[in-house]
Number of protein chains: 2
Amino acid sequence: MSLRFALLALLTSRPMTGYDVSKQFSQSVAHVWHAPDSQIYPELNRMERDGLLESTVVPWGKKGTKKEYAVTEAGVKAFREWMDSPIEIRRQREPAYLKAAYLEWAEPGAARAELEQFRDHWTEHLAMLEATRATLVDRSHPTLARRLEHYDASQWDRIVRYKIFAYDGLIDQARAAIAWAERGLVLVDELEGAPVD
Amino acid sequence: MSLRFALLALLTSRPMTGYDVSKQFSQSVAHVWHAPDSQIYPELNRMERDGLLESTVVPWGKKGTKKEYAVTEAGVKAFREWMDSPIEIRRQREPAYLKAAYLEWAEPGAARAELEQFRDHWTEHLAMLEATRATLVDRSHPTLARRLEHYDASQWDRIVRYKIFAYDGLIDQARAAIAWAERGLVLVDELEGAPVD
DNA sequence: TGCCACTACCTATAGACATAGGTAGTTTGT
DNA sequence: ACAAACTACCTATGTCTATAGGTAGTGGCA
């Protein structure tokens, strides 16, 4: 159900075509809520059917058309209601920690590879989060810039700081994950003997 | 697919009935991979069908019976293979961070309630993780104790330390989440004005 | 004897999600 | 003139997951 509100969140910055949504999504909202376009297109249709969005068909080239979605008043209301309602708590479901708990079953080499892969994934993810955070701080993030246009300048700081706050949380998590993986690599060396190569 | 291996992990400690699995699960493996019993029973059946488990029917009372599942050799092999194969990377999907990024849409009271609820959930979760960690350190954790029986005493430290390592990772994440929520509450007070009550 | 909590196991249903495709038009560069 | 890359949108399939039930036997106790 969160996908619907993630899409609403994105579309409050400006009306967009489905294609724009699926592209922009991966560069902003997807950092907190990932979804592939095969989930996005049908959801946009359902949201229009439910009156949260309305679409206008825009010509594109000679024969082509595209559909631009805008949030309706009912959409804004639904988004606000969701914002004011308690969050669902997500249950822990992380294969990396599951595996870590049973590392005595793994080959030492595989255990190391595992932890390195995990660390590298989060390191990459962290770099992306920090880069995005920087574009929020200097307000060059395109979606943010479009969003701020609807607001009085006195509100800008407030809006931006909430977004930075969200990214700070994600960055903390990424850092914690990386540090944990590093400790794991040290532990594997200690328990299995350092690799000989 | 991880559920299958989470169940295998649990059942390597000792054979268990489906009911035991679903009870024990929530006190150990569920900390890293949650699943309700409505998912567990069918999965156990499928695992037996696939030759990873074998079951023996045990009488229970006068008329009742229960099914005890034990991991087969094929099950052990599958578990080892999974342990040695690269992990799937989970995509970010956390409603709390999604909401945090759009907190300018929320009522100040709702924003505070949100963050408090998030903090309280993780505080509770942290207490549980720390309590469980302590039972691993002193080896009083029942599933761990049963597991260690299959191993030579020289291996005990190795096994226990991997489990502690996994919990340490979860504890780090919980602490980071709590600290983030606290910072969020301060931020809301700063941006929306402290609550008047 | 009846009731209740618990053990034991299972089903149904709907929605979420991943993965892997497909079609058709447009723009850009050579 | 043509290919390649991109825009635009959609479908199919299978699995996963949440939620909410259901049935039947057991053990204790009042």
Side-chain angles (χ1 to χ4, degrees), chain A residues 1-7 11 15-27 29-30 32-50 53 55-69 82 86-95 98, chain B residues 1-7 11 15-27 29-30 32-50 53 55-69 82 86-95 98:
Chain A
M1 199 68 309
S2 289
L3 174 59
R4 170 162 293 203
F5 300 103
L7 292 171
L11 282 160
M16 275 180 228
T17 65
Y19 188 74
D20 285 343
V21 170
S22 80
K23 292 296 136 181
Q24 287 302 112
F25 198 84
S26 61
Q27 286 163 51
V29 198
V32 288
W33 193 272
H34 171 271
D37 70 336
S38 65
Q39 232 184 312
I40 291 175
Y41 283 110
E43 186 61 27
L44 289 172
N45 280 328
R46 260 174 264 132
M47 288 165 76
E48 186 176 14
R49 184 201 62 199
D50 295 345
L53 300 180
S55 68
T56 46
V57 174
V58 177
W60 169 56
K62 286 187 210 80
K63 292 196 279 177
T65 58
K66 50 187 181 175
K67 235 162 122 186
E68 195 173 63
Y69 290 99
W82 178 73
I87 33 160
E88 326 104 75
I89 299 292
R90 290 240 110 191
R91 256 67 87 87
Q92 195 60 249
R93 208 167 262 146
E94 181 55 71
L98 171 56
Chain B
M1 201 64 315
S2 288
L3 174 59
R4 170 161 293 204
F5 299 103
L7 292 171
L11 281 160
M16 277 180 226
T17 66
Y19 188 74
D20 285 342
V21 169
S22 81
K23 292 296 135 183
Q24 287 301 113
F25 198 84
S26 61
Q27 287 163 51
V29 197
V32 289
W33 193 273
H34 170 271
D37 70 335
S38 65
Q39 232 185 313
I40 291 175
Y41 283 111
E43 185 62 26
L44 288 173
N45 279 329
R46 260 174 266 132
M47 287 164 76
E48 186 177 14
R49 184 202 62 199
D50 294 346
L53 301 179
S55 68
T56 46
V57 175
V58 176
W60 168 57
K62 284 188 212 79
K63 290 196 281 176
T65 58
K66 51 187 180 176
K67 236 162 121 186
E68 195 173 63
Y69 289 99
W82 179 73
I87 33 161
E88 325 104 76
I89 298 292
R90 290 240 109 190
R91 258 66 87 86
Q92 195 62 248
R93 207 167 263 147
E94 182 54 71
L98 171 56

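When reading the values below, keep in mind they use all heavy atoms of this one structure, side chains included, and skip hydrogens, waters and symmetry mates. Chain letters run A, B, ... following the sequence lines, proteins first and then strands; every chain starts at 1.
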Subject >> From B:Leu3 atom CG to B:Glu43 atom CD, the distance as rounded to the nearest 0.5 Å >> reply: 5.0 Å
**OP:** Describe the nucleic acid contact of B:Arg93 in one word from base, sugar-phosphate, nothing, applying a heavy-atom distance below 4.0 Å.
**Re:** sugar-phosphate
Original post:
Would a 4.5 Å heavy-atom cut-off, applied to side chains only, mark B:Ser2 and B:Glu88 as touching?
Top reply: yes
Original post:
Atom CH2 of A:Trp33 to atom C1' of C:dC17: distance rounded to whole Å?
Top reply: 10 Å
**OP:** Provide, to the nearest angstrom, the distance between the CD1 atom belonging to B:Ile40 and the P atom belonging to C:dT7.
**Re:** 15 Å
Subject >> Gap between atoms NE2 and P, on A:His34 and C:dT19 respectively (whole Å) >> reply: 9 Å
**OP:** With the side chain counted from C-beta on, respond yes when A:Arg4 and A:Asp50 share a heavy-atom pair under 4.5 Å apart, and no when they do not.
**Re:** yes
Original post:
Hey, which of B:Val29, B:Asp20, B:Val21 is the one that makes side-chain contact (heavy atoms from CB on, under 4.5 Å) with B:Leu11?
Top reply: B:Val21
Original post:
Quick one: on DNA chain C, does A:Ala35 or B:Lys66 contact a more 5' nucleotide (nearest heavy atom)?
Top reply: B:Lys66
**OP:** Looking at every strand, decide which applies to B:Lys23 at a 4.0 Å heavy-atom threshold: base, sugar-phosphate, or nothing.
**Re:** nothing
Original post:
Got A:Leu7 and A:Phe25 here, is their nearest side-chain heavy-atom distance under 4.5 Å?
Top reply: yes
**OP:** Take atom CZ of A:Arg46 and atom P of C:dC17, then tell me their distance rounded to the nearest Å.
**Re:** 11 Å
Original post:
Nearest-Å distance, CD1 (A:Ile89) to P (D:dA18)?
Top reply: 14 Å
**OP:** Find the distance A:Phe25:CZ to D:dA8:P and express it as a whole number of Å.
**Re:** 18 Å
Original post:
Just to confirm, is there a sub-4.0 Å distance from OP1 or OP2 of D:dT19 to any side-chain nitrogen or oxygen of A:Arg91?
Top reply: yes
Original post:
Taking CG from B:Leu7 and P from D:dT17, how many angstroms apart are they, rounded to a whole number?
Top reply: 11 Å
Subject >> Phosphate OP1/OP2 of D:dC9 contacted by A:Tyr19 side-chain N/O (<4.0 Å) >> reply: no
**OP:** Show your reasoning for whether side-chain contact (heavy atoms from CB on, under 4.5 Å) applies to A:Tyr19 and A:Ile40.
**Re:** CA-CA 9 Å; A:Tyr19 188 74; A:Ile40 291 175; over 6 Å; no
**OP:** Could you check if a side-chain atom of B:Lys23 sits within less than 4.5 angstrom of a side-chain atom of B:Met16, using non-hydrogen atoms only?
**Re:** no
Using atom names, set out every protein N or O paired with an N or O of nucleotides 11-15 of chain D below 3.5 Å, distance rounded to 0.1 Å.
none

Original post:
Just how far, in rounded Å, is C1' of C:dC9 from CG of B:Leu44?
Top reply: 11 Å
Subject >> Whichever of B:Asp20 and A:Leu3 has its nearest DNA chain C nucleotide further upstream toward 5' >> reply: B:Asp20
